[in-house]
Amino acid sequence: MSTERVSWENYFLNIAKEVATRSTCDRKHIGAVIVRGKNILSTGYNGSIKGLAHCDEAGHEMVDGHCVRTTHAEANAIVQAAKNGVRVDDAEIYVTASPCYNCFKLIANAGIKAIYYDEFYRDERILEHAKEAGIELVQLD
């Protein structure tokens, strides 16, 4: 029986897709996995502030067509790493959708050097700023 092994990039993206199943905002389920040296450092999914009701319980808080009740998956992954004393400098992040501009800024300032994502989501500013900041931005098939 011959089977092809999945690439490391798709392996971690597949894990991000599983992490997204924990999301509590039914508008978009997003998952993120932070990796360095093929080791998972942290994960995150979009959900409400710790201790508050989630969108699927309390409804959405909409501003300019976006639900702002949730903390995004990328931010939650970075926060989880910080809470656990895990350094993410020089890491990679795998996300089920490309980051919004605010999450892109968090990723850049955290020292993450590469962003791998499944679908492109809305914000074209990250394309130019990734080049300027020397962050690899890769859409996976």
Side-chain angles (χ1 to χ4, degrees), residues 2-141:
S2 175
T3 60
E4 262 189 63
R5 292 175 73 186
V6 67
S7 69
W8 282 109
E9 291 84 6
N10 284 315
Y11 171 74
F12 291 120
L13 185 60
N14 288 341
I15 293 170
K17 290 176 183 177
E18 186 65 26
V19 171
T21 65
R22 293 282 306 154
S23 173
T24 60
C25 183
D26 56 7
R27 287 178 49 82
K28 191 112 176 120
H29 292 220
I30 304 293
V33 178
I34 300 175
V35 174
R36 188 176 49 248
K38 296 185 177 86
N39 292 297
I40 294 172
L41 304 176
S42 182
T43 66
Y45 54 88
N46 55 326
S48 292
I49 296 169
K50 188 175 182 173
L52 298 186
H54 295 285
C55 295
D56 58 4
E57 302 163 338
H60 301 285
E61 292 178 21
M62 300 300 292
V63 175
D64 296 329
H66 298 278
C67 178
V68 296
R69 184 172 193 83
T70 62
T71 302
H72 289 186
E74 304 93 326
N76 274 328
I78 291 168
V79 167
Q80 286 302 315
K83 282 179 62 177
N84 291 304
V86 176
R87 181 179 69 84
V88 297
D89 199 39
D90 294 323
E92 306 166 339
I93 190 167
Y94 294 81
V95 193
T96 56
S98 61
C100 71
Y101 191 51
N102 285 330
C103 284
F104 174 81
K105 292 186 287 185
L106 291 174
I107 290 166
N109 285 352
I112 294 172
K113 298 298 181 194
I115 303 167
Y116 295 89
Y117 63 94
D118 188 19
E119 68 173 285
F120 187 79
Y121 185 67
R122 298 186 187 200
D123 206 320
E124 304 254 338
R125 292 176 289 187
I126 69 169
L127 301 173
E128 186 62 33
H129 292 312
K131 285 180 193 169
E132 293 172 23
I135 297 171
E136 190 176 3
L137 189 61
V138 180
Q139 185 168 13
L140 297 173
D141 295 328

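Starting from 1, each residue takes its place in the sequence as its number.
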Residue pairs involving residues 88-102 (criterion salt bridge (Lys or Arg N to Asp or Glu O under 4.0 Å); sequence neighbours excluded): none
Approximate separation, where rounding is to 0.5 Å, of Asp56 CG and Ser48 OG: 8.0 Å
Test side-chain contact (heavy atoms from CB on, under 4.5 Å) applied to Glu74 and Cys100, Pro99, Ser98, the passing residue: Pro99
Approximate separation, where rounding is to 0.5 Å, of Ile107 CD1 and Ile93 CD1: 4.5 Å
Interatomic spacing from CG in Asn39 to CD1 in Ile34 - rounded to 0.5 Å: 13.5 Å
Close side-chain approach of Leu127 to Lys131, heavy-atom, < 4.5 Å: no
Pairing residues for Lys28 by the side chain to side chain donor-acceptor pair (under 3.5 Å) criterion, not counting sequence neighbours: Glu119
For the student: nearest non-hydrogen atoms of Ala91 and Leu41, plus distance: CB-CD1, 4.0 Å
Nearest non-hydrogen partners of Ala77 and Ala32, listed with the distance: CB-CB, 4.3 Å
Flag, side chain of Gln139 to backbone of Asp118, donor-acceptor distance under 3.5 Å: yes
Donor-acceptor contact present, side-chain Asp123 to main-chain Arg125, <3.5 Å: yes
Heavy atoms of other groups near Ile49 CD1, more than 12 under 6.0 Å: no
Separation between CG of Leu137 and CD of Glu128, rounded to the nearest 0.5 Å: 11.5 Å
Summary of salt bridge (Lys or Arg N to Asp or Glu O under 4.0 Å) pairs that have at least one residue in residues 59-69, sequence neighbours excluded: Glu61-Arg69
Listed partners of Cys25 passing side-chain contact (heavy atoms from CB on, under 4.5 Å), at least two apart: Ser23, Arg27, Asn46, Cys55, His60, Cys67, Thr70
Validation row: Ile15, Tyr94 side chains within 4.5 angstrom (heavy atoms): no
side-chain contact (heavy atoms from CB on, under 4.5 Å) against Arg22, all qualifying residues, sequence neighbours excluded: Tyr45
Which atom of Gly31 lies closest to which atom of Ala20, heavy atoms considered: N-CB, 3.4 Å
Heavy-atom pair of closest approach, residues Ile40 and Phe12: CG1-CE2, 3.7 Å
Flag side-chain contact, heavy atom, 4.5 Å: Tyr121 against Ile30: no
Contact list for residues 7-19, test side-chain hydrogen bond (donor to acceptor under 3.5 Å, both in side chains), sequence neighbours left out: Ser7-Asn10
Test item: Ile135 and Ile112 side chains (from C-beta on) under 4.5 Å apart, heavy atoms: no
Distance in Å, His29 NE2 paired with Thr21 OG1, rounded so as to fall on 0.5 Å steps: 9.0 Å
Side-chain donor or acceptor of Thr24 paired with backbone N/O of Gly47 under 3.5 Å: no
